[in-house]
Amino acid sequence: MRELAVSARNVRKRFGPTVSLDGLDLAVPAGAVFGFLGPNGAGKTTTLRTLLGLVRPDSGEISVLGIDPAAQPQEIRRKVGVLLEGDGLYDRLSAWRNLDYHARIHHLSSEERGRRIQDGLERMRLWDRRDEMVVTWSRGMRQRLAIARALLHRPRLLLLDEPFSGLDPEAAVELRGQIASLASEQGITVFLTTHDLAHVERVCTEVAVLIAGRVVAAGSPASLAQRSGNLELEATGVGLTDEILERLRSEQLVLGFDRQKDVVRIRCTQEHRTSIGPELVRRGVLLESLSLREGSLEDAFLSLIRDGGAK
């Protein structure tokens, strides 16, 4: 049985009349890149704050690196690296001085501070910019520096809240590679929340979907993608108009479609996948190609939200 970095059993938390966590169950394997997904208001932020010992649950059991956060919040914060909303950097300090300030908070010696700061800046590809004030930096560079800061005290678990938010595609891909390397090369467990499912599919080894304070699905991104039961067809041809596709959607033969230059991606159920081609031909489309793709994590996620997790 794999060692768990984070586990939660039947955790409940209410704020007045609002139920934030409603029987939360989690199992995050050590060394995983774990994606925690859910719509706004699902309880993701409350979960993170509970794991850090900032919020005490009303009932249930939580273990983070073998520690009860409610009983030992200071110990948790010594063992966990965190990047929550906003990077928390000091704009008028250089990259080096930002890290040096936080290294002092962790009571690192002068020699150890220098070694770890250099290691973090090099790992995040920021060494050549170490003397620059971060007020001039891009969002992607600031995110990487904030992660270097979160790793200064050598945590075994890294909590990241929306790390890809506001990043351009190139910066997001670079950050994704950095996150993957933390797990594969250093054995750090990464627990991240994000709305960007494309990054989840590429970097996460495990995912869980939270709806209304409870986990409604968990597993690998591939296993969750399969559970949607939906498929995607890629079609090209003459006469493949939006008007025809909209008619198929109104007749519930098609769930939706997207056009990318000459290729149309048509979402459908297993039940109707063999009907789409003949229907298009019957309506005058000269099909050139029609190929099948499996359902995506996005399909599964949206299906779970529509069904309220009852799947």
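A quick note: this is a predicted structure, and the numbers were derived from the prediction, not measured.
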ask   = Honestly curious: do Leu182 and Val200 fall in one hydrophobic cluster under the side-chain, below-4.5 Å linking rule?
value = no

ask   = For the hydrophobic clusters of this structure (ILVMFWY residues joined by side-chain heavy atoms under 4.5 Å, transitively), does one cluster hold both Val19 and Ile62?
value = no

Counting only heavy atoms not in [X], do more than 12 sit closer than 6.0 Å to its [atom1] atom?
X      : atom1 : answer
Asp168 : CG    : yes
Tyr101 : OH    : no
Arg249 : CZ    : yes
Arg125 : CZ    : no
Arg56  : CZ    : no

Taking [Y]'s backbone N and O only, do any of them form a donor-acceptor pair with [X]'s side chain (distance below 3.5 Å, no angle check)?
X      : Y      : value
Arg130 : Trp127 : yes
Thr205 : Val33  : yes
Arg247 : Glu243 : no
Lys44  : Leu37  : no
Asp22  : Arg214 : no
Thr136 : Met133 : yes
Asn98  : Tyr90  : yes
Lys79  : Val64  : no

inquiry  = Parallel, tilted or perpendicular, judged at 30° and 60°: which one describes the rings of Phe191 and Phe36?
reply    = tilted

Quick check: do [X] and [Y] have side-chain heavy atoms less than 4.5 Å from each other?
X      : Y      : result
Gln252 : His272 : no
Arg273 : Leu292 : yes
Leu52  : Pro73  : no
Leu175 : Pro163 : yes

Salt bridge between [X] and [Y], side-chain N to carboxylate O under 4.0 Å?
X      : Y      : result
Asp100 : Arg104 : yes
Arg283 : Glu251 : yes
Glu3   : Arg156 : yes
Arg9   : Asp25  : no

ask   = Which pair of heavy atoms, one from Pro155 and one from Val80, lies closest together, and at what distance?
value = CB-C, 3.7 Å

ask   = So which heavy atom on Leu108 is nearest to which on Arg113, and how close?
value = O-NH1, 3.0 Å

query = Going by atom types alone, do Thr50 and Thr47 pair a side-chain donor with an acceptor below 3.5 Å?
reply = no

key: Distance-only side-chain donor-acceptor flag, Glu132 / Trp137, under 3.5 Å   = yes

inquiry  = Which residues pass the side-chain hydrogen bond (donor to acceptor under 3.5 Å, both in side chains) test with Asn10, not counting sequence neighbours?
reply    = Arg12

ask   = Which is it for Val190 and Phe34 under the side chain to side chain contact (heavy atoms under 4.5 Å, CB included) test, yes or no, and what are the steps along the way?
value = CA-CA 6 Å; Val190 181; Phe34 185 85; over 6 Å; no

task = For the pair Val216 and Leu210, evaluate side chain to side chain contact (heavy atoms under 4.5 Å, CB included) and give the outcome as yes or no after the intermediate values.
result = CA-CA 6 Å; Val216 298; Leu210 187 74; over 6 Å; no

task = Would you check, one step at a time, whether the test side chain to side chain contact (heavy atoms under 4.5 Å, CB included) holds for Thr46 with Leu24?
result = CA-CA 11 Å; Thr46 300; Leu24 172 72; over 6 Å; no

key: salt bridge (Lys or Arg N to Asp or Glu O under 4.0 Å) between Arg176 and Asp196, intermediate numbers included   = CA-CA 11 Å; Arg176 191 175 73 208; Asp196 197 322; over 6 Å; no

task = Pick out which of Met124, Arg149, Arg123 makes a side chain to side chain contact (heavy atoms under 4.5 Å, CB included) with Arg144.
result = Met124

query = Can you list every side-chain hydrogen bond (donor to acceptor under 3.5 Å, both in side chains) pair that touches residues 178-194, not counting sequence neighbours?
reply = Asp161-Thr193

task = Could you check Ile266 against Glu234 for side chain to side chain contact (heavy atoms under 4.5 Å, CB included), going step by step and ending with a plain yes or no?
result = CA-CA 6 Å; Ile266 304 169; Glu234 289 191 349; over 6 Å; no

request  = Sequence neighbours left out, what passes side chain to side chain contact (heavy atoms under 4.5 Å, CB included) with Gln260? Give chain and number order.
outcome  = Arg265

